[in-house]
Amino acid sequence: MAAPEPAAPDPEARATASTRAKDKSPWNWLLFIPILVPLIPAFFNGDSPRVLGFPRFYWLQLAYILLGVATTTLVYQMTKKRGGR
């Protein structure tokens with residue numbers, strides 16, 4: 001018995017993947033913000049201000065999550081392909 005031939009990859013999917021890999025939009029540089037900002041030790045050096053009784057370290061962790069989500073959403077919205085362009 002002969003083995004079935006593997007399905008050929010979809011040429012449209014391949015073109016889309018290679019286009020995304022070559023995306024050199026300056027908006028992508030904003031993705032470094034949520035990586036670099038939490039690495040600044042001056043932000044963690046202290047106990048106050050407290051928010052709802054939580055020390056600064058704990059509520060800053062939650063704020064960094066929101067910063068990452070907001071930055072990623074902004075970059076996605078600014079770099080996604082629209083319509084037939």
Side-chain angles (χ1 to χ4, degrees):
M1 285 174 98
E5 286 186 33
D10 184 17
E12 185 176 313
R14 193 173 346 130
T16 304
S18 66
T19 302
R20 285 198 183 250
K22 295 177 184 175
D23 182 17
K24 302 219 186 286
S25 172
W27 288 101
N28 291 335
W29 286 101
L30 289 178
L31 294 173
F32 280 110
I33 292 173
I35 295 170
L36 297 177
V37 169
L39 296 176
I40 301 171
F43 292 146
F44 297 105
N45 191 14
D47 186 41
S48 62
R50 288 179 169 255
V51 174
L52 300 173
F54 291 102
R56 182 185 340 187
F57 176 80
Y58 293 109
W59 61 261
L60 265 180
Q61 296 302 307
L62 296 174
Y64 292 148
I65 291 170
L66 296 175
L67 175 67
V69 168
T71 305
T72 304
T73 302
L74 174 68
V75 171
Y76 172 73
Q77 291 297 325
M78 299 308 289
T79 59
K80 73 179 179 180
K81 305 288 184 211
R82 299 191 200 279
R85 290 194 251 175

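Just so you know, these numbers use all the heavy atoms, side chains as well, and skip hydrogens, waters and symmetry mates.
- In this structure, Tyr64 and Phe43 have tilted ring planes: the angle between them lies in the 30° to 60° band.
- In terms of hydrophobic clustering, with Ile, Leu, Val, Met, Phe, Trp and Tyr side chains grouped at heavy-atom distances under 4.5 Å, Leu39 and Ile33 are assigned to different clusters.
- Taken to the nearest 0.5 Å, the OG1 atom of Thr71 stands 12.5 Å off from the CZ atom of Phe32.
- The shortest side-chain heavy-atom distance between Arg50 and Tyr58 does not fall under the 4.5 Å cut-off.
- Ile40 contributes atom CD1, which lies 11.0 Å from atom CG of Leu60 (distance to the nearest 0.5 angstrom).
- A donor-acceptor pair is defined here as one N or O able to donate and one able to accept, closer than 3.5 Å; no such pair exists between the side chain of Arg56 and the backbone of Phe44.
- At distances below 3.5 Å, at least one donor-acceptor pair connects side-chain atoms of Trp59 with backbone N or O atoms of Pro49.
- Remark: side-chain polar atoms of Ser25 are paired, donor with acceptor, to backbone N or O of Trp27 under 3.5 angstrom.
- Other residues, nucleotides and ligands contribute only 12 or fewer heavy atoms inside 6.0 Å of the CZ atom of Phe54.
- Hydrophobic clustering, with ILVMFWY side chains joined whenever heavy atoms are under 4.5 angstrom apart, groups Val51 together with Val37.
- In this structure, CG on Leu74 lies 9.0 Å from OG1 on Thr79, to the nearest 0.5 angstrom.
- When all heavy atoms are compared, the tightest approach of Pro34 to Gly68 is CB-CA, 3.6 Å.
- Summarising the geometry, atom CG belonging to Leu67 is positioned 12.5 Å from atom CG belonging to Leu62; distances are rounded to the nearest 0.5 Å.
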